[in-house]
Amino acid sequence: MNPGQQPLVEFHDVTVAYGRRPVLWNIDLAIAEPCLFGVIGPNGAGKSTLLKAALGLVPVVGGFVRFCGRPRRQVQGRVGYVPQRETVDWDFPVNVMDVVLMGTYGRLGWLRWPGRRERAVAAECLERVGLADLADRQIGRLSGGQQQRVFLARALAQEADIYLLDEPMAGVDVRSQEQIFGVLAALRDAGRLVIVVHHDLRTAAEWFDQVALIDRRLVAAGPTAEVLTADNIQKTYAGGIELLEQLGQAVAERGRTE
Amino acid sequence: MLGITAVAVILATAGCGGPLADGGKPARESAAGHRPRVVATTTVVADLVRQVAGDRAEVDCLMAAGIDPHSYKATPRDAERLLDADLVVASGLHLEGRLATLLERLADRVAVLTVADRLPADRILEAAGGIPDPHVWFDAGLWSLLPMKVATALGEIDPAGAETYAARAEVYSARLREADAEARRRLAAIPAGRRVLVTAHDAFRYFGRAYGIEVVGVQGTSTASEAGLGDINRLVELVVSRGIPAVFVETSVADRNVAAIIEGAAARGHVVRLGGRLYSDSLGPPQSDGGTLEAALATNVETIVAALSDAEAAR
Amino acid sequence: MSSDALALHGWSMLTAATVSASCALVGTLLVVRRMSLLGDAIAHAVLPGIVVGVLAGGRLGGPLVLAGAVVAALMTVGLTRGLRAAVGLAEDAGSGVVFTTLFAAGVVTVSLFASRIDLDPECVLFGILELAAFDLVSVGGVEVPRALLTATAVLVIVAGGLAATWQLQISTAFDQEAAAAAGIPVAVVTTGLLSLTAVATVAGFEAVGAVLVVAMLVVPAATAELLVHRMHQVALVAVAVAVAAAGLGWLAAWRWNTSAAGMIAVVLGGFYATAVVLAPADGLLARLVAKLALDWRVAREDWLARIWRAGEQAGAAGASVVRPRPRTGLERAAAVWLRLTGRVERSAGRVRLSKDGAREAELVVRSHRLWETWLGRHADLPADHLHPPAEWVEHHLGAAMRERIEAELTAGEADPHGREIPPEAGRPDGPPPVV
Amino acid sequence: MTLATFGQPALIAMAGLGLTYNTLVVLGGVAAVGCGAGVVGSLTLLRKRPLVGDAAAHATLVGVAGAFLATGRRDLPTLLAGAAVSAVAGLLVLVLLRRFTRTREDAATAIVIGVSFGLGLALLGGITARGIPGGGGLERFLLGQTAALTARDAALLAVISLLTIVIVTAVLKELLLVAFDPAFAAATGWPVGLLDAGLMALIAVMVVIGLPAAGAVLVTALVVIPPVAARQWTDRAGSMLVLAGLFGLTAAVAGVAVSSLRSGLATGPLVVLAAAAICLASVVIAPRRGWLARRLRSRIRGGDDQP
């Protein structure tokens, strides 16, 4: 899939602002090979924003994101996405199978409905996340962990090469966490790149092959063991934030009172 | 910004006198000396006053031709016209909706004449539910009782002209009685079995009583409420079972109900024609074939006679 | 104009203004609490209440009808909340169900009893502001419109009620859970607001009709929110907007001879649109101006800094550098402007910065290099990626920020490219050489 | 252009059932609108914007008055075309306010409702005050003239309703995706803004053709009530749409039937009341989501209503 030896994902000097106020500064990051990649940082560090910027959900004010050297629009079908669980209304009248089938919509395009093949794919994805027997259940009647796994199954049904997951382990019971991790590891083993936004440092060390430490700016990135040093963690969780915070404020202010 | 707004309000308020004095209508003390200003609510009443007053008074009509009095809503300028009047003449019997109740209160400061109230109570028809039917004007005989009342009211605000008014009223009453006789004569030509007048709303019951015609309206005496499907069905049934050749629309009322009846009858194999457009709650514009009550009555009679006695249409 | 007519305009505008003011006051809280559509719901749902009031022998504007309307309004709210409690239906959908049903019930009742009452469904949709001045009652010898009396009573009730509970209302509006935790009786406060809304709304449609009450409730507050930020300011500005719109709307209706209630709503809409465009901080115009001003400043600073850097390079390399050229149209304009204002001097094909120009340029370069240095240390960026972010940030760092950054660096440190960071106070040896 | 041309046998059969021609025409028109409004309304309910229909409905008045002023005609297609233009314009303003101002969505909706209706009233007031010929009866659109539908009107309503349902069905997959998870839809490349705009346009069209069937105020009911009722009975979006359509249709039939029983019963409001009755029944007795079911469950579980 990667003839030109381009990195699978490349963030080139990406700055993201909400309104006028920058929240993510100059992220420069390239991931060359399939692996389990953790994006780690404190609350409000801009981890989710990073994923959203990659997916074009929030505008990038500086720099660019490339997938295999190409802009996102050209590789749409090859990027799978698992948003945070709270972003949707779980009372929505769809069942588990309906949600997983949504993963196949991208390939189907306009005017075509999921057919036998798509149903088979969806069923298999549900099998992989251990929810095969709940296919007909309304999504509101699932536990948090099960809901998260439905989202994962939907991303699997996208049959993508790169997966972006936003806090898949948040508010999820340990059993579900392990199951999700198992699925992700299997994806990695099958040659996919899996990028996971994660806030828990302890589990990060054992799960991820590579990590990036982020707190409004990229503190460090690389193989887990090299990056997760006491010094880097200190820098991520204590240093620099305040200044960036103030700078963000200053930029927003000057823009307004010019 | 608010300061500017406030200033604008003050300026605009202060400036009121200017644009009003030269806006549209002549001020009271202008050219023709001290002509009394009379404001009439509907075109029908305005015609009555004009016939009696002639040139001696300035007659201003609140509602334009073709406007349905039942759904009329006043504008600030209308309110101003009412307050500036020496005499306000209204039709009454709730024809003007909520305006009517307010006119009663206006009577403290401006002379108000509500013409229908001056008619003999025993000649007022009751609509369904016991409220009086306000559409008194197309009974020309009944209407002919009113010019004298108007003359009296005009005489009170303009004593110098009292005699003129009375004389004109006398003449006009006579003309109305003549028109009454003429209408009766012409309508008598319609074969008895076909003397049914179907219209959008119940505006012709006095007319029917005076000239021996059965009158049926889709809606009640007011156009304010919506006609139900039951009303439409009832009328289609009536039109078909009685073999009525024509139904009529009114100039001031939406005509969709009537269109639905024509179609409903056609579906039952009965061809009913659109007999024409009748003047009902509003007269036509000045100089048209319905510019005065007499003209409108004659035009209506003509239309009805033509439509209902037409043998072809009856087939 | 006759004194009668003047009194007419005066009374009508005063009535409209009083009604608007009550609506604007409760509207301020409704808008903040995201209950703006409540006005819409109440305005329609009161019809059956009015019908029942009239059937029971009341007259429009009378206490019986007013009571019926208020009851119907509270019923709307109660039923909507009931639906949410019973089956978890979202409030906007719930009120959509409730108010349309009640309105339909009202229309059917009217058509059933049409013969008995002098009332049509439109009486709720349209008010009678225009004729308010005909219906006078004597108060202490002065003839005052009855509608104005009602409106004033309502204004007193609404203003009094809100003034008495203002702090509670604000706390509840800001954060219900926190308010409840702080011991504020949230349910009571909310019910109070709803009751006041019902009263203000009912008084409002007597004057201008139901749908326009929606405009009166929401538009002044929405306008005020664009202009000021603190709640009591919002309330005051909203009232001012409402009063101004009532007056101007009436005059506009008079000028163009049309419905006063309609024109008041249109004028309110005009105020809101004006605020959207002209609001000092967030208005479209302010944003556009700010963006242009920023672009202009960036262009000027960039040009100054480019000359400064070229001079620095010339100093180091011995005068053999290419003279910088403006890169964009805006920068060209900035170059001309800077020459005209004397910050860049030009003689015999050579360019030099004046003392002021050099000072400004220095601060920009200083910001740039400080940021490069700081970022190089705190973010995992390759050295060749440091320039572009600094190019952007250099225009945003103020003196305070520069000082803070410098405090985190070692004294006398050079930037990641090994160049000097000019000190805040200016370089002791003056501006760099001429290019 | 009457149904009579389609053959006498059908009419005789109709008469046998006690249905008159007018009843049948009104039934057809209103049922089509009820069905279409239910289907489109379900999607706006699921998109959490149940009251945009209300905004569109109030904005139509400007278009009705404007179309009359511009053309001097007051036949149904002209006025409906004007109404459609202003309904779409009203929703466009709504979208722009949401996008470019700090005003909250509910306030923006209320502003569109109040101001556009005010503008409509001002235009109508101007028309009345100037006595422009034919201006009478324009405001009747507010409350509708359901019973006065002619076959042409009904056919127009039926065709547009059908077309709307067809369009909704064609892009149902995409509309549901956007309603359920807009972020995922955008991330997987669907044009969320365009689909939202399309849904807005559909609701505007539905509201506009609902005007002659129910009037400006009551058309909101047709868009909101049947979907709310349908949601009670099912946990699948597809069946919810079908049910909402059926409920809308049933309400139309019931309302029309009741109003044909006796005179003096306005048809439009009865349709709304029928829909409300269906909704009430659904809220109370629907299995699982209904009030009774919830009460029972909470009794059994000892107060815990959560699944």
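Chain A is the first sequence line, chain B the second, and so forth, proteins listed ahead of strands; every chain is numbered from 1.
Annotation: residues 25-38 of chain C contacts chain D through C/V31, C/V32, C/R34, C/M35, C/S36, C/L37 [non-hydrogen atoms, separation under 4.5 Å].
For D/A275, the side-chain contact (heavy atoms from CB on, under 4.5 Å) partners are D/I225, D/A251, not counting sequence neighbours. Legend: residues meeting salt bridge (Lys or Arg N to Asp or Glu O under 4.0 Å) with D/D106, ordered by chain and number and at least two apart, are absent.
D/T220 contributes atom OG1, which lies 5.0 Å from atom CZ of C/F99 (distance to the nearest 0.5 angstrom). We find the OG1-CG distance between C/T100 and D/L273 to be 9.5 Å, quoted to the nearest 0.5 Å. How far OG1 of C/T258 is from CG of D/L121: 8.5 Å, rounded to the nearest 0.5 Å. To the nearest 0.5 Å, atoms CG (C/L284) and CG (D/L96) are separated by 10.0 Å.
Smallest separation of non-hydrogen atoms from C/V266 and D/G118: CG2-C, 3.9 Å. In terms of heavy atoms, D/G114 sits closest to C/A265 at O-CB, 3.8 Å.
Test C/V218, C/V214, C/T223 against D/I111 for side chain to side chain contact (heavy atoms under 4.5 Å, CB included) and you get one pass: C/V218.
Counting heavy-atom pairs closer than 4.5 Å to chain C, the top residue among D/V224, D/V219, D/T44 is D/V224. Among C/V267, C/I264, C/L226, the residue making the largest number of heavy-atom pairs under 4.5 Å with chain D is C/L226. Among the candidates D/E105, D/R289, D/H58, the residue making the largest number of heavy-atom pairs closer than 4.5 Å to chain C is D/H58. Between chain C and the residues D/V223, D/L270, D/I113, the most heavy-atom pairs under 4.5 angstrom are made by D/I113. Note: D/R104 leads D/R49, D/Q232, D/R104 in heavy-atom pairs under 4.5 Å with chain C.
Contact of D/L222 with chain C is not made at all, since no heavy-atom distance falls under 4.5 Å. For a residue to count as touching a neighbouring chain, one of its non-hydrogen atoms must lie under 4.5 Å from one of that chain's; by this rule C/V276 touches chain D with the side chain only. Heavy-atom distances place both the backbone and the side chain of D/L119 under 4.5 Å from chain C. With a 4.5 Å cut-off on non-hydrogen atoms, D/V283 touches chain C through its backbone and its side chain both.
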Apply side-chain contact (heavy atoms from CB on, under 4.5 Å) to residues D/L97 and C/Y272 and explain how you reach the verdict. CA-CA 11 Å; D/L97 289 184; C/Y272 176 73; 3.6 Å; yes
What verdict does the side-chain contact (heavy atoms from CB on, under 4.5 Å) test give for D/L51 and C/S95, after you've listed the backbone C-alpha separation in whole Å, the side-chain angles of each residue and the deciding distance to 0.1 Å? CA-CA 9 Å; D/L51 291 180; C/S95 83; 4.2 Å; yes
What donor-acceptor contacts under 3.5 angstrom involve side-chain atoms of residues 80-92 of chain C, with partners at least two apart or in another chain?
from, atom 1, to, atom 2, distance (Å)
C/T80, OG1, C/T76, O, 2.7
C/R84, NH1, C/E91, OE1, 2.7

